[in-house]
Asker: 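The structure that follows is given in the form of structure tokens.
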Protein chains: 2
Amino acid sequence: MVTLREVARAAGVSPATASRALTDAPHVSAANREQVARAAASLGYRPHPAARALTTGTTATVGLVVPDLANPFFAAVAKGVQARARETGREVLVADTDEDATLEQDVVARLGNRVDGLVLCSPRMPAETLGSVISEALAADGRVALVNREAPGAPSVSFDIADGVRQAVDHLRALGHETVAYAGGPRTSWSDAERRTALGAAAGGAVLDLGSFRPTHGGGVQAADLALAAGATAVLCFNDLVALGVLARLHARGVRAPDDVSVVGFDDVATAALVTPALTTVAVPLARAGREAVDLLGGNAGAAARHRRLPVELVVRASTAPAPPAFSPSPPARTDPEVVIR
Amino acid sequence: MVTLREVARAAGVSPATASRALTDAPHVSAANREQVARAAASLGYRPHPAARALTTGTTATVGLVVPDLANPFFAAVAKGVQARARETGREVLVADTDEDATLEQDVVARLGNRVDGLVLCSPRMPAETLGSVISEALAADGRVALVNREAPGAPSVSFDIADGVRQAVDHLRALGHETVAYAGGPRTSWSDAERRTALGAAAGGAVLDLGSFRPTHGGGVQAADLALAAGATAVLCFNDLVALGVLARLHARGVRAPDDVSVVGFDDVATAALVTPALTTVAVPLARAGREAVDLLGGNAGAAARHRRLPVELVVRASTAPAPPAFSPSPPARTDPEVVIR
DNA sequence: TTGTAAGCGTTATCAT
DNA sequence: ATGATAACGCTTACAA
């Protein structure tokens with residue numbers, strides 16, 4: 001291993017000067033700067049990250065906590081975090097909590113002292129746990145940034161979910177759908193709560209609440225049968241995975257999409273465009289969110305209180321179409337107040 | 001920040017003893033061991049990773065290099081790497097090269113001195129670059145492990161691709177398909193070469209070579225038209241993404257799958273089971289490969305020359321069916337020797 | 001502008 | 001079994 005001392009010796013200067021030269025610090029003559037650079041290059045010098053971290057107290061590393069790397073939603077965020085970190089000369093330490101909310105706190109602790117800042121993309125973490133994580137271990141400003149979630153005390157990058165819901169519902173209403181159902185996500189999900197709030201404000205009448213489902217293909221399968229039973233002609237889903245499940249179940253039951261029932265997803269993950277019928281969905285700038293979260297780290301100004309909300313956009317593909325003239329396998333359940341979001 | 005000195009003082013011992021006690025080193029009295037543990041716990045002591053790394057020369061970190069985190073194939077591998085690393089008390093530094101093979105070498109260099117070992121899952125990296133990476137920066141044994149690729153000088157975890165190809169072709173032949181086409185992946189891909197070699201040995205006649213395509217949905221769209229033109233009734237694809245593209249294009253052209261044309265994918269990524277028709281595909285233990293690659297790191301024995309080849313399994317779903325009695329939009333091109341794998 | 005020297009928090013060596 | 005003490009490789013006062 002070639003150390004700074006050796007570079008300094010080769011360049012005929014002291015380690016201090018060599019250090020200054022290589023870190024672009026001031027007070028170094030142009031001649032020396034050049035000498036040192038030349039020596040470092042020819043020797044193949046690589047600064048020792050741990051040594052640097054020990055003295056500076058900074059690791060040039062950002063941590064990323066996600067529930068499931070294999071979930072395309074989080075994978076897209078991770079990609080954004082990765083890209084931005086690399087651009088800014090930092091590495092990414094990634095932790096997959098495997099959907100285990102109890103693990104998240106532990107993971108944060110383990111990562112805490114290895115990184116300069118932490119990007120938290122943990123929708124399931126209880127608000128109180130999140131609060132303690134923010135205040136406890138990462139007391140300093142700019143040490144933690146949230147993605148797809150907002151909470152006091154930490155900057156965050158989230159999405160204009162309300163607008164996305166509005167766009168989706170408007171789209172379906174415009175197509176003549178009167179009975180629109182919502183296949184919701186986990187009750188503990190911050191972003192599901194956002195969706196429900198927005199649904200309550202939807203124009204053109206109430207939206208049927210099908211309930212809460214696991215945010216997976218299986219959840220969608222469940223929801224589809226309920227939607228059919230309720231006589232819905234359109235289903236808005238918590239996310240694309242759920243939408244895919246709805247589509248699959250509809251097909252299995254001989255119900256055509258979009259001819260008989262329209263389906264709208266959320267997120268616009270990569271596969272949404274690849275399935276048949278291609279999914280109409282609310283596109284959410286996942287990678288961009290990851291990038292901006294990284295920029296929120298190391299928050300110098302009062303960034304600690306900063307919440308960025310990124311715009312979303314309905315992408316109309318092939319899973320939505322005008323409502324069928326009269327497709328009602330069973331009477332709509334709109335009269336039951338308990339399942340209606342006001 | 002609470003340091004080891006403070007713990008030692010609280011426990012009434014020297015830093016050396018405290019260190020030994022906390023690292024489970026020998027030569028510490030049971031009493032002191034307990035005292036130190038208690039003090040550390042009550043003070044909330046966290047060893048400083050950089051300091052430890054500086055003295056021990058070990059970072060408790062593994063690096064992972066992939067071309068694209070958002071690709072479900074690599075995401076699954078990453079999840080496995082992650083899980084195994086965590087179980088063994090290590091963290092994961094991940095680098096996404098964004099499909100840029102020229103970036104890979106640079107990334108390896110950047111990661112090299114921050115990790116104890118590197119898991120390389122870079123199918124596109126030229127063999128020579130890979131060779132220099134293995135020998136140069138990571139000279140020591142057990143510093144690098146390959147996934148989905150084999151090369152001299154480094155241990156690897158790959159898949160029994162030949163067997164997978166055999167299973168797929170046998171399946172199609174058994175269904176009565178005489179004209180089976182292969183939609184290949186990038187020429188530079190190690191695993192595509194494996195597939196082609198296996199195809200050459202396929203029983204029951206030659207397999208039509210459609211050519212090389214990008215390993216994406218778009219590549220599949222291209223391949224579909226060629227398969228149709230060649231009169232194939234079954235298409236074996238480089239991976240599931242390509243298969244999805246084939247399926248989409250078939251559907252767009254009014255060709256039914258599996259009624260008119262059967263399609264087989266490779267990898268069995270998560271979405272393969274979720275689309276309609278559900279994809280028949282060769283399931284490959286991606287996460288397991290990631291886990292085993294981590295175990296190959298820090299290779300003590302002659303593990304440096306070790307190559308593990310994991311078993312694969314054809315998963316028959318809905319995208320394959322018996323060959324149609326006589327579906328030949330155009331005459332099969334089997335007579336053209338240039339496009340036939342012998 | 002440059003060099004000397006003092007750490008940063010641990011672990012490892014060497015006495016005791 | 002325990003405790004000084006010297007590294008580990010780097011940055012940064014502080015001097016010059």
Side-chain angles (χ1 to χ4, degrees), chain A residues 1-40 43-61 89-91 110 112-116 140, chain B residues 1-40 43-61 89-91 109-110 112-116 137 140:
Chain A
M1 224 218 81
V2 36
T3 75
L4 185 63
R5 297 191 88 86
E6 310 180 45
V7 173
R9 190 174 314 145
V13 301
S14 75
T17 299
S19 173
R20 285 189 276 254
L22 292 172
T23 55
D24 284 318
H27 308 306
V28 182
S29 71
N32 275 341
R33 208 179 281 280
E34 167 114 358
Q35 283 298 317
V36 172
R38 200 181 302 279
L43 290 172
Y45 170 72
R46 292 275 178 191
H48 194 303
R52 184 171 278 182
L54 191 54
T55 52
T56 63
T58 186
T59 58
T61 305
R90 288 172 281 183
E91 302 298 334
R110 282 183 52 166
N113 49 9
R114 307 178 72 98
V115 303
D116 293 339
Chain B
M1 222 216 80
V2 36
T3 75
L4 185 63
R5 300 190 87 84
E6 311 180 44
V7 173
R9 189 174 313 146
V13 300
S14 75
T17 300
S19 174
R20 283 189 279 254
L22 292 173
T23 56
D24 283 321
H27 306 307
V28 182
S29 70
N32 274 341
R33 207 178 283 280
E34 166 113 357
Q35 283 298 319
V36 172
R38 202 182 301 281
L43 289 172
Y45 169 71
R46 293 272 179 195
H48 194 302
R52 184 170 278 183
L54 189 56
T55 53
T56 64
T58 187
T59 57
T61 306
R90 288 173 280 183
E91 303 297 333
R110 281 182 52 165
N113 50 8
R114 305 179 73 97
V115 302
D116 293 339

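In what follows, every chain begins at residue 1, and chains take the letters A, B, ... in the order their sequences are listed.
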Asker: If you round to the nearest 0.5 Å, how far is CG of A/Leu43 from CZ of A/Arg9?
Answerer: 10.5 Å
Asker: Quick one: B/Leu54 CG to C/dG7 C1', roughly how many Å, whole number?
Answerer: 12 Å
Asker: Looking only at heavy atoms, which two atoms of A/Leu4 and A/Ser19 are closest? And how far apart?
Answerer: CD2-CB, 3.7 Å
Asker: Separation of B/Arg114 atom CZ from D/dC10 atom C1', in whole Å?
Answerer: 14 Å
Asker: Does anything in residues 43-53 of chain B reach DNA chain D, meaning a heavy atom under 4.0 Å, and if so which residues?
Answerer: none
Asker: How close do B/Tyr45 and B/Leu22 get, heavy atom to heavy atom, and via which atoms?
Answerer: CE2-CD1, 3.6 Å
Asker: What is the distance, to the nearest angstrom, from the CG atom on B/Leu22 to the C1' atom on C/dG9?
Answerer: 13 Å
Asker: Which pair of heavy atoms, one from B/Arg114 and one from A/Thr59, lies closest together, and at what distance?
Answerer: NH2-O, 2.7 Å
Asker: What's the CD-C1' distance between B/Gln35 and D/dA1, to the nearest Å?
Answerer: 15 Å
Asker: At less than 4.0 Å, is any side-chain N or O atom of B/Thr3 found next to OP1 or OP2 of C/dG9? Yes or no.
Answerer: no
Asker: Where is the tightest heavy-atom contact between B/Val28 and B/Ala21, given as atom of each residue plus distance?
Answerer: CG2-N, 4.0 Å
Asker: I'd like to know whether CZ of B/Arg110 has more than 12 heavy-atom contacts from other residues, nucleotides or ligands below 6.0 angstrom.
Answerer: yes
Asker: Just report the end-to-end axis angle for the helix from C/dT1-D/dA16 to C/dT16-D/dA1, five pairs per end, to 10 degrees.
Answerer: 40°
Asker: Identify the pairs formed between an N or O of the protein and an N or O of nucleotides 2-6 of chain C at a distance under 3.5 Å, and give each distance.
Answerer:
residue : atom : partner : partner atom : Å
C/dT2   : OP1  : A/Ser29 : OG           : 2.9
C/dT2   : OP1  : A/Asn32 : ND2          : 2.4
C/dT2   : OP2  : A/Ser29 : N            : 2.6
C/dT2   : OP2  : A/Ser29 : OG           : 3.2
C/dT2   : OP2  : A/Asn32 : ND2          : 3.2
C/dT2   : O5'  : A/Asn32 : ND2          : 3.4
C/dG3   : OP2  : A/Ser14 : N            : 2.9
C/dG3   : OP2  : A/Ser14 : OG           : 3.1
C/dG3   : OP2  : A/Thr17 : OG1          : 2.8
C/dG3   : N7   : A/Arg20 : NH2          : 2.7
C/dG3   : O6   : A/Arg20 : NH1          : 3.2
C/dG3   : O6   : A/Arg20 : NH2          : 3.4

Asker: In whole Å, what is the span from the CE atom of B/Met1 to the C1' atom of C/dG9?
Answerer: 7 Å
Asker: side-chain hydrogen bond (donor to acceptor under 3.5 Å, both in side chains) between A/Asn32 and A/Thr17: does it pass, once the steps are laid out?
Answerer: CA-CA 8 Å; A/Asn32 275 341; A/Thr17 299; 5.4 Å; no
Asker: Would you check if the side chain of A/Asp116 reaches a backbone N or O of A/Ala60 as a donor-acceptor pair within less than 3.5 Å?
Answerer: yes
Asker: I want to confirm an ordering. Mapping B/Thr55 and B/Arg5 to their closest nucleotides on DNA chain D, which one lands closer to the 5' end?
Answerer: B/Arg5
Asker: For A/Thr56 and A/Arg52, indicate whether the former's side chain and the latter's backbone hold a donor-acceptor pair under 3.5 Å.
Answerer: yes
Asker: Expressed as a whole number of angstroms, how long is the span from A/Asn113:CG to C/dC8:P?
Answerer: 18 Å
Asker: Evaluate the side-chain contact (heavy atoms from CB on, under 4.5 Å) criterion for residues A/Met1 and A/His48: first the C-alpha distance (whole Å), next the side-chain angles of each, then the deciding distance (0.1 Å), finally the verdict.
Answerer: CA-CA 9 Å; A/Met1 224 218 81; A/His48 194 303; 3.8 Å; yes
Asker: Would you say B/Glu6's side chain and B/Thr3's backbone share a donor-acceptor pair under 3.5 angstrom?
Answerer: yes
